[in-house]
Amino acid sequence: MLRLYNTMTQSVDEFRPIDDNKVGLYTCGLTVYNYAHIGNLRMYVFEDILKRVLRFCGYQIRHVMNITDVGHLTSDADTGEDKMEKGAAREGKTAWEIAEFYQQAFVADLDRLNIIPPDVWCKATDHIPEQIALVRKLEEKGFTYVIDGDGVYFDTSRLSDYGKLVRLDAEGLKAGARVDVVAGKRNVTDFALWKFSPQGSKRQMEWPSPWGVGFPGWHTECSAMAVKYLGERLDIHCGGVDHKSVHHTNEIAQTESAYGHKWVNWWMHGEWLVLPKEGGEAAKMSKSSGEFLTLDYLIKRGYDPRAFRYYCLNAHYRQQLAFSWEALDAAGIGYNRLKRTVLDLRGQHRKADGPITKHMDRFRAAVEDDLNMPRALAAMWAATKDEQAPPGRRYATLVDMDRVLGLGVEKMEEEQLAISPEEIAKLIDERAAARKAKDFARADQIRSQLGAKGIVLEDSRGGTTWRRA
Ligand code: AMP
Ligand code: ZN
């Protein structure tokens, strides 16, 4: 029995789809004005695990992911620059070029992490008529008002349950609100459905609408596209925890107002990847803070993208994951140990060898318990070490578990591990030279590169020695 945490009920509940064994899944995609950072990617690994667990449990999934390529402003309060135009200015390209480039980079990142692509990719700019139709519907029902020179807004005071996802207290919010950042907003929680292009200037991305030339508000796209591809009632909607109080809260308000009934059964949110700060609170990795790491950078430092995936699986999706190079190195070593084990066991596998029920049961119990991947990994390691069981059957067990883990067990190859002692010695010399020249970034990169091949370095006064992990 699959049990999943639902942000709406705040409890772990037995999962039941609306329609027999079919599951509709909508996941908020990337805002493509820059590369995805590894915090974003942690989120997409979580959603991939969810999808794989649903499949493992026998469900058929229809998965839709959007690409935000317009309308996401630098402030969640409907003010600030459009992130796309900001990205375009930074790189001296058009917003359209930026969107195309970073979307492709994002798709490539997902592929390298062995993330199963969605059935439908949809871009905000390809769905302007659908978004206008949604705003029209809300207007007809009396949920909107226009602020001259600014945009069309949703009047949240029309709803008695606005903010139910995060148990927002609308009265408390009203009393506590000091500044209303958008002049003319009736309530602090009101949000833009459609924004007008600034008077006297032309935006790169703008469209005519019944209210004036402009562009959709950020939340409008997800409601319009989710309903278009998955219908008026949805099984699961996911995103990061930062989406709960504004983005998803507003998606709920506008969709349920437009259609007059409950929209989503399960809301699931992934916790952040954070950067620990010495003597302070850990900070969310974010694009705007400037301090963000990309998958490309990890690869340049010698890490296998699958080792990053393995690293993500070591924490439950509802727990923050504190990033450190040491932790990533440890994950890299664990991943290599798995590879070595897989290769050893595979050599003794025969066609008739099936998975071991005892271990599969333990694994299933873990993944069905709100995707408890740390426990699932423990079950996986226990299976590898089960000396009572024939090696071929242990291999078959790993292959079966990999339907969820997605670590690429069947594709693991010897050469990915191989490195000769001569090559190691050369890299150790190069690292010593880099340290002497105080090029610590290069020195760290070499250490990681060797770590990724399962080689651990030990520094002492006498020099550096190495061993296989
Ligand atoms: P964005 O491109 O800002 O729309 O973000 C894409 C997705 O990544 C959203 O679901 C965010 O909630 C999620 N996200 C952003 N930063 C982090 C982080 N540091 N850790 C985990 N998820 C994140
Ligand atoms: Zn969204």
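Excluded from the calculations below are hydrogen atoms, water molecules and symmetry mates; all remaining heavy atoms, backbone and side chain alike, are included. Nothing here was measured: the structure is a model prediction, and the numbers come from that model.
Salt bridge present: Arg447 and Asp329 bring a charged side-chain N and a carboxylate O closer than 4.0 Å. The pair Asp48-Lys51 does not meet the salt-bridge criterion, since no charged nitrogen lies less than 4.0 angstrom from a carboxylate oxygen. A salt bridge links Asp150 with Lys195: at least one charged nitrogen is closer than 4.0 Å to a carboxylate oxygen. Between Asp161 and Lys262 there is no salt bridge, since none of the side-chain N atoms of the basic residue sits less than 4.0 Å from a carboxylate O of the acidic one.
A distance of 7.0 Å separates CD of Gln445 from CZ of Arg301, quoted to the nearest 0.5 Å. If you take CG on Leu134 and OG1 on Thr220, they are separated by 6.5 Å, rounding to the nearest 0.5 Å. Atom CZ of Arg442 and atom CD of Gln449 lie 6.0 Å apart (nearest 0.5 Å). A distance of 5.0 Å separates CG in Asp69 from CE in Met205, rounded to the nearest 0.5 Å. Once rounded to the nearest 0.5 Å, the distance linking OH of Tyr153 with CD1 of Ile147 reads 5.0 Å. The distance from atom CG of Leu168 to atom OH of Tyr162, rounded to the nearest 0.5 Å, is 6.5 Å.
Summarising the local packing, CZ of Arg203 is surrounded by more than 12 heavy atoms from other residues, nucleotides or ligands at distances under 6.0 Å. Surrounding CD of Glu14 are more than 12 heavy atoms belonging to other residues, nucleotides or ligands, all under 6.0 Å away. Atom CZ of Arg318 is surrounded by more than 12 heavy atoms from other residues, nucleotides or ligands within 6.0 Å.
Side chains of Trp121 and Gln103: a donor-acceptor N/O pair is absent below 3.5 angstrom, by distance only. If you check the side chains of Asp190 and Tyr145, you find a donor sitting under 3.5 Å from an acceptor. Thr189 and Asn187 share no side-chain donor-acceptor pair at under 3.5 Å.
Gln131 contributes a side-chain N or O that, together with a main-chain N or O of His127, makes up a donor-acceptor pair within less than 3.5 Å. A donor-acceptor pair under 3.5 Å is absent between the side-chain atoms of Arg3 and the main chain of Asp369, judged by distance alone. Using modelled atom types, no side-chain atom of Asn336 and backbone atom of Ile333 make a donor-acceptor pair closer than 3.5 Å. Between the Glu221 side chain and the Pro216 main chain, no donor and acceptor come within less than 3.5 Å of each other. Of the possible donor and acceptor atoms, one in the side chain of Lys141 sits under 3.5 Å from a partner among the backbone N and O of Ala258. A donor-acceptor contact shorter than 3.5 Å links the side chain of Asp402 to the backbone of Val409. Panel note: side chain Arg42, backbone Glu271; a donor-acceptor pair is recorded below 3.5 Å. One N or O on the side chain of Trp194 and one on the backbone of Gly212 form a donor-acceptor pair closer than 3.5 Å. Between the side chain of Asn6 and the main chain of Trp267, a donor-acceptor pair closer than 3.5 Å is present. A donor-acceptor contact shorter than 3.5 Å is absent between the side chain of Asn265 and the backbone of Pro17.
Heavy-atom minimum distance, Asp20 versus Tyr59: O-CE2, 4.4 Å. The minimum heavy-atom distance linking Gly29 with Asn66 is given by the pair N-OD1, 2.7 Å. The two residues Gly24 and Asp235 have their closest heavy-atom pair at N-OD2, 2.9 Å. The minimum heavy-atom distance linking Gly406 with Arg306 is given by the pair O-CD, 4.4 Å. Considering all non-hydrogen atoms of both residues, Met285 and Leu293 come closest at SD-N, 3.8 Å. When all heavy atoms of Thr68 and Met84 are compared, the pair lying nearest together is O-SD, 4.2 Å.
Looking at residues two or more places apart in sequence or on another chain, you find a side-chain hydrogen bond (donor to acceptor under 3.5 Å, both in side chains) between Glu100 and Gln104. The salt bridge (charged side-chain N to carboxylate O under 4.0 Å, His left out) test applied to Glu256 returns Lys164, not counting sequence neighbours.
You'll find the side chain of Glu251 reaches within 4.5 Å of the side chain of His237, heavy atoms only. The closest side-chain heavy-atom distance from Phe46 to Thr27 is not below 4.5 Å. A heavy-atom distance below 4.5 Å is found between the side chains of Arg52 and Asn114. At a threshold of 4.5 Å between non-hydrogen side-chain atoms, the residues Leu54 and Ile236 count as touching. Two residues are said to be in side-chain contact when any heavy atoms from C-beta on lie closer than 4.5 Å; Ile49 and Tyr317 fail this criterion. Considering only heavy atoms from C-beta on, Phe154 stays 4.5 Å or farther from His219 through its side chain. Taking the side chain as every heavy atom from C-beta outward, Tyr297 and Ile38 never approach each other to under 4.5 Å. At a threshold of 4.5 Å between non-hydrogen side-chain atoms, the residues Val264 and Ile252 do not count as touching.
Taking the centre and axis of the six-membered ring of Phe143, the NZ or CZ atom of Arg158 falls inside the cone set by 45° and 6.0 Å. A cation-pi arrangement is absent between Arg62 and Tyr229 under the rule of less than 6.0 angstrom and at most 45 degrees off the ring axis.
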Phe191 and Val246: side-chain contact (heavy atoms from CB on, under 4.5 Å), yes or no, with the steps?
CA-CA 9 Å; Phe191 57 91; Val246 179; over 6 Å; no
Before giving the answer on side chain to side chain donor-acceptor pair (under 3.5 Å), spell out for His63 and Glu47 the whole-Å C-alpha distance, their side-chain angles and the decisive distance to 0.1 Å.
CA-CA 10 Å; His63 175 202; Glu47 291 169 349; 5.4 Å; no
Which is it for Arg112 and Asp296 under the salt bridge (charged side-chain N to carboxylate O under 4.0 Å, His left out) test, yes or no, and what are the steps along the way?
CA-CA 10 Å; Arg112 289 189 291 195; Asp296 260 340; 3.2 Å; yes
Can you check side-chain contact (heavy atoms from CB on, under 4.5 Å) on Asn34 and Ile98, steps first, answer last?
CA-CA 8 Å; Asn34 206 332; Ile98 291 285; over 6 Å; no
Step by step, would you call Tyr35 with Tyr102 a ring-ring contact (aromatic ring centres under 6.0 Å, His included)?
CA-CA 6 Å; Tyr35 290 106; Tyr102 289 114; 5.0 Å; yes
Could you give me the CA-CA distance, side-chain angles and deciding distance for Val23 and Trp266, then say whether side-chain contact (heavy atoms from CB on, under 4.5 Å) is met?
CA-CA 11 Å; Val23 178; Trp266 246 268; over 6 Å; no
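Each of His243, His248, His247 was evaluated against His269; a single residue qualifies, His248, per the ring pair (Phe, Tyr, Trp, His ring centres under 6.0 Å) test. Checked against Tyr303 for a ring pair (Phe, Tyr, Trp, His ring centres under 6.0 Å), the options Tyr311, Tyr335, Trp325 give a single hit: Trp325. When the options Leu41, Leu405, Ile115 are evaluated for a side-chain contact (heavy atoms from CB on, under 4.5 Å) with Arg309, the one that passes is Ile115. Each of Phe215, Trp218, Tyr33 was scored for a ring pair (Phe, Tyr, Trp, His ring centres under 6.0 Å) with His72, with one residue passing: Trp218.
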